[in-house]
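Heads up: the structure comes next, in structure tokens.
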Number of protein chains: 2
Amino acid sequence: MAARKKTTAQSKPGYHHGDLRRALIEASLALIAEEGFSALTLREVARRAGVTHAAPYRHFPDKEALLAAVAEEGFRAMTTLMRERMDKESGPVERLSACGVAYVLFAVQHPAHFRVMFGPHFTKPADHAELAKEGSNAFGLLVQNIVQCQQAGVMLEGEPMPLAVMAWSQVHGLASLLVDQQLQEACKQGATPEQLAQFQTRLLIEGMGRPPQNG
Amino acid sequence: MAARKKTTAQSKPGYHHGDLRRALIEASLALIAEEGFSALTLREVARRAGVTHAAPYRHFPDKEALLAAVAEEGFRAMTTLMRERMDKESGPVERLSACGVAYVLFAVQHPAHFRVMFGPHFTKPADHAELAKEGSNAFGLLVQNIVQCQQAGVMLEGEPMPLAVMAWSQVHGLASLLVDQQLQEACKQGATPEQLAQFQTRLLIEGMGRPPQNG
DNA sequence: CCTACCGATCGGTAGG
DNA sequence: CCTACCGATCGGTAGG
């Protein structure tokens with residue numbers, strides 16, 4: 001055991017990465033997960049990736065660009081997970097539910113990604129067109145599910161947008177509370193994130209699924 | 001205009017505050033609101049309060065203690081606002097709705113407070129007993145409203161906790177999306193935060209208000 | 001509550 | 001992708 005040196009995978013100083021860009025992104029995620037956001041500096045990221053602190057500038061002009069790349073990747077992975085879960089269901093209500101559950105599970109499984117995606121990091125959103133597009137894609141999936149529920153006659157008619165924003169709020173709130181560790185006491189009854197998400201999604205659709213009683 | 005010096009309220013170096021503690025808290029909030037979280041350093045806070053960077057240590061042992069004071073104050077203000085809005089209503093459903101709307105409005109009106117209250121800043125929650133208590137008080141108000149709806153027979157029976165967590169998720173999600181500027185395009189239809197909160201709260205209670213159809 | 005000081009770290013760049 | 005360097009800022013403390 002004494003012989004086992006305390007080093008990261010590549011401690012050789014002159015090591016050349018095959019893909020430093022990827023290594024930097026992954027180092028960022030690990031750093032955020034382990035030591036929180038305030039610990040994220042380009043220098044520490046470089047250190048963890050096994051390069052000097054000047055190297056990252058070959059791939060990202062600044063920290064914001066690195067974070068944008070992390071966020072983009074996050075949105076793509078989240079969209080993929082939502083699609084996977086949706087594809088296992090056939091009915092529009094079940095597909096909408098699966099989409100929401102996937103949102104929450106992604107956040108719980110990738111908290112660092114989730115924080116970067118929705119944190120207030122990007123001073124000028126206009127500078128990150130690709131990122132905005134990935135975000136819209138994910139939201140579009142949700143809207144599409146809502147519309148299909150409406151067309152199937154199992155959801156309130158009219159503008160889909162307010163309903164989509166409501167569904168987004170629901171899953172985003174649960175995801176945020178879970179990621180930020182706010183549901184420790186309230187939920188130590190043993191409920192898993194998936195159970196919570198399924199319970200909430202079901203009641204949510206229940207509420208959106210009938211017109212208010214007349215009278 | 002040339003005569004108008006560019007100084008803050010107190011530029012006199014030796015100025016003695018009547019209440020430096022308050023001034024530090026308010027400087028923190030302004031700083032977060034104006035330049036984001038990463039700009040929050042004890043030195044900059046001291047600068048804005050018009051004292052040297054050693055002065056804050058007389059009131060707070062470190063940055064985390066300052067943030068805990070900000071968060072405590074936030075929870076107290078939020079609880080007050082929820083109570084005010086609830087007290088204008090008499091029916092349990094209306095009171096629950098008012099409580100949720102107040103949560104969202106507080107976040108929109110005090111985004112810096114909201115971010116501190118729910119951000120991942122407190123490494124050891126056990127070190128901040130007072131803060132935990134204020135948070136529980138606010139959540140308790142929500143649980144109490146749920147129970148009263150149940151007792152009035154207008155809400156699903158059984159464990160109130162899952163319903164309370166669901167309601168919290170709903171308003172927390174909407175509040176977070178608004179504070180983090182994520183609803184710009186989706187909602188430039190002109191809907192105000194209060195209208196969004198009221199719409200969502202109404203449908204939420206709708207969903208929690210009836211047992212699923214049997215069959 | 002201030003002055004003066006400490007070691008440490010950071011973002012960024014020149015030059016190879 | 002590295003070495004070497006820059007100015008700037010930070011948290012924290014001694015001593016008054």
Side-chain angles (χ1 to χ4, degrees), chain A residues 7-28 30-32 34-70 116 119 121-124 127, chain B residues 7-28 30-32 34-70 116 119-124 127-128:
Chain A
T7 80
T8 49
Q10 306 87 9
S11 56
K12 184 155 143 252
Y15 185 89
H16 288 68
H17 281 280
D19 190 350
L20 179 56
R21 186 187 155 89
R22 268 238 57 77
L24 292 169
I25 290 178
E26 274 162 18
S28 302
L31 181 55
I32 293 169
E34 290 169 28
E35 307 187 35
F37 232 106
S38 56
L40 186 81
T41 66
L42 273 184
R43 284 173 109 103
E44 178 62 23
V45 168
R47 221 167 278 141
R48 288 188 172 225
V51 295
T52 63
H53 76 271
Y57 292 95
R58 304 286 275 175
H59 298 271
F60 303 102
D62 54 27
K63 194 201 285 190
E64 192 167 315
L66 170 59
L67 285 177
V70 170
V116 175
H121 311 295
F122 307 112
T123 49
K124 298 193 216 155
D127 289 355
Chain B
T7 79
T8 49
Q10 307 87 9
S11 57
K12 185 156 143 248
Y15 185 89
H16 287 69
H17 280 280
D19 191 350
L20 178 56
R21 186 187 154 91
R22 268 238 58 76
L24 291 169
I25 290 179
E26 274 162 18
S28 302
L31 181 55
I32 293 170
E34 289 168 29
E35 307 188 36
F37 232 106
S38 56
L40 186 82
T41 65
L42 272 184
R43 285 173 108 103
E44 178 61 25
V45 169
R47 221 168 277 141
R48 288 188 172 225
V51 294
T52 62
H53 77 269
Y57 292 95
R58 303 286 274 174
H59 297 271
F60 302 101
D62 54 27
K63 193 201 285 189
E64 193 167 313
L66 170 59
L67 285 177
V70 170
V116 175
H121 310 295
F122 307 112
T123 48
K124 298 192 216 155
D127 288 355
H128 308 285

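Numbers restart at 1 for each chain; the letters A, B, ... are given by sequence-line order, proteins then strands.
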Distance in angstrom units between A:L40 CG and C:dT9 P, rounded: 16 Å
Given side chains that start at C-beta, do those of A:L20 and A:H59 come closer than 4.5 Å, heavy atoms only? yes
Where are the stems of DNA chain C, defined as at least 3 consecutive Watson-Crick or wobble G-U pairs with both distances under 3.5 Å? C:1-16 with D:1-16
Which nucleotide in the set C:dC1, C:dC2, D:dG11 lies at the smallest distance from any side-chain heavy atom of B:T41? D:dG11
Write down the distance between CD (A:E35) and P (C:dT9), rounded to a whole number of angstrom. 12 Å
Can you check whether B:R21 has a side-chain N or O nearer than 4.0 Å to OP1 or OP2 of C:dC1? no
Search all heavy atoms of A:A27 against all heavy atoms of A:A49 and return the closest pair with its distance. CB-N, 4.4 Å
Could you tell me how far apart B:L24 (CG) and D:dG11 (P) are, to the nearest whole angstrom? 13 Å
Does B:E44 or A:A55 map to a spot on DNA chain D nearer the 5' end, using the closest nucleotide for each? A:A55
Take the protein atom CG of A:L66 and the nucleotide atom C1' of C:dC10, then report the distance between them rounded to whole Å. 15 Å
Send over the distance from B:F60 CZ to C:dC1 C1', rounded to a whole Å. 15 Å
Set of side chain to side chain contact (heavy atoms under 4.5 Å, CB included) partners for B:E35, sequence neighbours left out: B:L31, B:A39, B:R48
What is the distance from atom CG of A:L66 to atom CZ of A:F60, rounded to the nearest 0.5 Å? 5.0 Å
Can you name the residues that form a salt bridge (Lys or Arg N to Asp or Glu O under 4.0 Å) with A:R22, not counting sequence neighbours? A:E26, A:E73
Between B:V45 and the options B:I25, B:L24, B:I32, the side-chain contact (heavy atoms from CB on, under 4.5 Å) test singles out B:L24
What are the atom names and distances for every N/O pair under 3.5 Å that joins the protein to nucleotides 12-16 of chain D?
{"unit_1": "D:dG12", "atom_1": "OP2", "unit_2": "B:Y57", "atom_2": "OH", "d": "3.3"}
{"unit_1": "D:dG12", "atom_1": "O6", "unit_2": "B:H53", "atom_2": "NE2", "d": "2.4"}

I'd like to check the side chain to side chain contact (heavy atoms under 4.5 Å, CB included) partners of B:T41; sequence neighbours left out, ordered by chain and number. B:R43, B:E44
Quick one: ring-ring contact (aromatic ring centres under 6.0 Å, His included) partners of B:F37, sequence neighbours excluded? B:H121
